[in-house]
Amino acid sequence: MKIATYNVNGVNGRLDVLLRWLEEASPDVVCLQELKAPDPKFPVKAIEAAGYGAIWHGQKSWNGVAILARDREPTLTRKGLPGDPDDTHSRYIEAAIDGMVIGCLYLPNGNPYPGPKFEYKLAWFDRLTAYAAELLELDVPVILAGDYNVMPTELDVYKPERWVNDALFRIEVKDAYHRLLEQGWTDALRQLHPGDRVYTFWDYFRNAFARDAGLRIDHFLLSPHVTKRLSAAGVDRHVRGWEHTSDHAPAWIELSDGPAEEDQ
DNA sequence: ATGGCTGGACAATCCAGA
């Protein structure tokens, strides 16, 4: 089973790129971020024509998350992160698929630091961490996938010294990420590629992709049940080289078959 | 170090992204 996460940076503006990648990569489940579209503008017909069922949580202009599942309908289990009823951003959606809980998240960028956007990022992170603890208590397979807007270590940044005061690399944010991991989650890509530079984002400026001036900010966090099944992880970085593409590339993991086989 | 690029909402620039 192949599960992907992709910050598509505009689901309508880049629909051609999304469909091309779906056709090529054929993931079973896809977590999308940055739809940049309100609910009625989600391109559900094109996605269904490509063979995917979908649930989505959109918003005008910004944010927006969705979960796609090949040849089936994801079962919606949650829209929006608990902990703040006044939060209007569409940044979390969750589904039950194949006996797993799959949370798709778009953590706030938080720039500029310092400021209210940075404070919102930290508060959102705290809410995610509190909710993640509840998910672990369920003792079922859970995947929290998406754009975390944090480079966890220096290995995840092309030039760490340039980013020390950026909201994606501030110590408060890295600490929050590590506190989340300490609950018992596994960073799937880092688990299988402990020493490699594997980026998921290259900005549009200064020819960043050609220079490989990238960041690793899209992550899969796996609960213990899922970690046991992790067989591969990677990034479809060539997609970042396509015309009219997102500034992120799709990242993916592969899982071996479910608990029945694992117990043999 | 900074400014560079891109899309969306608008109908000229501004905002947000990372």
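Because only heavy atoms are used, hydrogens play no part in the values below, and waters and symmetry mates are left out as well, while side chains stay in. Just so we're on the same page: letters track the sequence lines, and every chain starts at 1.
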Whole angstrom is fine here: how far is it from [atom1] in [X] over to [atom2] in [N]?
| X | N | atom1 | atom2 | result |
| --- | --- | --- | --- | --- |
| A/Asp166 | B/dG4 | CG | C1' | 15 Å |
| A/Lys121 | B/dA16 | NZ | C1' | 14 Å |
| A/Leu107 | B/dG17 | CG | C1' | 14 Å |
| A/Arg162 | B/dG4 | CZ | C1' | 12 Å |
| A/His248 | B/dC5 | NE2 | C1' | 14 Å |
| A/Arg91 | B/dG17 | CZ | C1' | 10 Å |
| A/Arg240 | B/dA18 | CZ | P | 12 Å |
| A/Phe205 | B/dG17 | CZ | P | 13 Å |

Work out how far the [atom1] atom of [N] is from that of [M], and round it to whole angstrom.
| N | M | atom1 | value |
| --- | --- | --- | --- |
| B/dA12 | B/dG8 | C1' | 14 Å |
| B/dA1 | B/dC14 | P | 29 Å |
| B/dG7 | B/dA18 | P | 15 Å |
| B/dC15 | B/dC10 | P | 14 Å |

With a 4.0 Å cut-off on N to O distance, would you call A/Arg237 and A/Asp212 a salt bridge?
yes
Could you check A/Gly110 against A/Ala37 and say which one's nearest nucleotide on DNA chain B is further toward the 5' end?
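Upstream on the strand: A/Ala37.
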When all nucleic acid strands are considered with a 4.0 Å heavy-atom cut-off, which category describes [X]: base, sugar-phosphate, or nothing?
| X | value |
| --- | --- |
| A/Asp203 | nothing |
| A/Phe209 | nothing |
| A/Asp218 | nothing |
| A/Lys117 | sugar-phosphate |
| A/Asn165 | nothing |

Quick one: are the ring centres of A/Phe209 and A/Trp202 less than 6.0 Å apart?
yes
Would you tabulate the nitrogen or oxygen pairs shorter than 3.5 Å linking the protein to nucleotides 6-8 of chain B?
| from | atom 1 | to | atom 2 | distance (Å) |
| --- | --- | --- | --- | --- |
| B/dG7 | OP1 | A/His244 | ND1 | 3.1 |

A/Asn109 side chain N/O closer than 4.0 Å to the phosphate oxygens (OP1, OP2) of B/dA18?
yes
Whether A/Asn149 contacts B/dA18 is assessed here as follows: a side-chain N or O lying under 4.0 Å from the phosphate OP1 or OP2. Is that the case?
yes
Quick one: sort the A/Tyr148 and A/Phe125 rings into parallel, tilted or perpendicular, breaks at 30° and 60°.
tilted
Tell me yes or no: between the side chains of A/Asp39 and A/His57, is some donor less than 3.5 Å from an acceptor?
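Their side chains do not contain a donor-acceptor pair, so the 3.5 Å distance test is not met.
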In terms of side-chain heavy atoms, does A/Tyr113 have a donor or acceptor partner in A/Arg170 at a distance below 3.5 Å?
yes
Just one of A/Val11, A/Val8, A/Asn9, A/Asn63 clears the side-chain contact (heavy atoms from CB on, under 4.5 Å) bar with A/Lys36, so which one?
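Answer after filtering A/Val11, A/Val8, A/Asn9, A/Asn63: A/Asn9.
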Side chains of A/Val150 and A/Leu107 in contact at under 4.5 Å (non-hydrogen atoms)
no
For A/Lys2 and A/Asp28, run salt bridge (Lys or Arg N to Asp or Glu O under 4.0 Å): C-alpha distance rounded to whole Å, both residues' side-chain angles, the deciding distance at 0.1 Å, then the answer.
CA-CA 5 Å; A/Lys2 183 175 179 181; A/Asp28 296 291; over 6 Å; no
